[in-house]
Amino acid sequence: MLSEFELIRRYFTHPAPHTRLGVGDDAALVRPRRGMELVVTVDMLIGGTHFFDDADPLRLGHKALAVNLSDIAAMGATARWATLALALPRAEPAWLKAFATGFMALARRHDVGLIGGDTTRGPLAICVQALGEVPTGRALLRSGARVGDDVWVSGRIGDAALAVAARKGRVRLEKHELEAARRRLDTPSPRLALGAALRGIAGSAIDLSDGLCADLGHICGRSNVAAVVELDRLPVSPAVRKRLDSRAVRAAVLAGGDDYELCFTARRQRRDAVRAAAKWAGVAVTVVGRIERAARRSASVTVLDRDGQPMTLKQSGYDHFR
Ligand code: ADP
Ligand code: MG
């Protein structure tokens, strides 16, 4: 039987870049570079709530880190370190090896060091903290959207929620469509290069974890503005586009989550700068709407359908899309 310490040594002890002291002591020692401030975020993934219990451990390791790096990206920051707290029902070497492989592959790709964590027995739960750095005062916040700004979205949205809808039997997909959607659900790509490239260009940013309407609503709330988004402009996969008449699919695009794309705002005059940043980062970006004055008593995010008619009425009640 694998002991706790053998488990940590075998699976979670790796050389960590830009770290004075990593796994193995009572705590890690790190220091942001001169002129940088620390960016800190944490996310918990619970079996049954955030992932299906039969989830592939390799993909789970990837996703647990990816969702945190996505928050670092949305701040316009550079990811540097991560910690990993794990509750496991049992120490199963094959599961641990695959999980650590998925986690560390993404960590290495973004030059992130795993510098510590905690390991206990319990129902499967994964808690990852990511730490990054950003030049002092230059992080992208949710509060910087201004009336007249464009609203942008990176990559494509809706596929992750489409995979969940298919799993729940609400939509039927072709085999290749399902595989592509599941890849998006299970192995999202944190948009770190894009986030960093948008510093000084975007006014505000958020990552799309809870769905476009909810997350853009957070930008609106923190910025005291409203947003209008056009359904037809949303960047979606062919699988989503051809099913946009289905309520479940529209819900996936507008109110589904787990895309881990960036939604951000920028002045209109900065369109070329945004496109250049996206090109440098190798990610597509699309203008999906605009920022308007907040109107009292109406929803902060309005979605216009193909006929230009408002679809969303309330930010809170998503019954509309159910
Ligand atoms: P303590 O009892 O001081 O909390 P632990 O025995 O929990 O120490 O952990 C020993 C070392 O292993 C610490 O450096 C801790 O950060 C690290 N560690 C524990 N679990 C993990 C994990 N799942 N991933 C990475 N590092 C871990
Ligand atoms: Mg401990």
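Both counts, for ligands and for their atoms, begin at 1 and track the order of listing. All heavy atoms count here, side chains included; hydrogens, waters and symmetry mates do not.
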Handout entry: Sole residue of D207, I206, V39 in side-chain contact (heavy atoms from CB on, under 4.5 Å) with D71
Key = D207
For residues [X] and [Y], is any side-chain donor paired with an opposing acceptor at under 3.5 Å?
X    : Y    : answer
E261 : S154 : yes
T265 : S204 : yes
R80  : H18  : yes

Problem - Numbering as shown, the atoms of ligand 1 that approach D26 to under 4.0 Å (heavy-atom distance) - result: 3 (O)
Handout entry: Proximal ligand 1 atoms for G116, defined as those under 4.0 Å from one of its heavy atoms
Key = 16 (O), 24 (N), 25 (C), 26 (N), 27 (C)
Completion exercise
Connected to L131, directly or through other members, by ILVMFWY side-chain contacts below 4.5 Å are V30, L38, V40, W81, I115
Problem - N-O pairing of R243 and E177 below 4.0 Å - result: yes
Handout entry: For ligand 1, the portion of T119 having any non-hydrogen atom under 4.0 Å away
Key = both
Completion exercise
Heavy-atom proximity to atom 4 (O) of ligand 1 ranks first, among T83, L96, D118, for D118
Practice task
Give the single entry among D25, L114, I126 that approaches atom 13 (C) of ligand 1 most closely by any heavy atom.
Solution key: D25
Problem - Sub-4.0 Å heavy-atom approach of F5 to ligand 1 - result: yes
Problem - ligand 1 to G24 polar contact by distance, N or O atoms, under 3.5 Å - result: yes
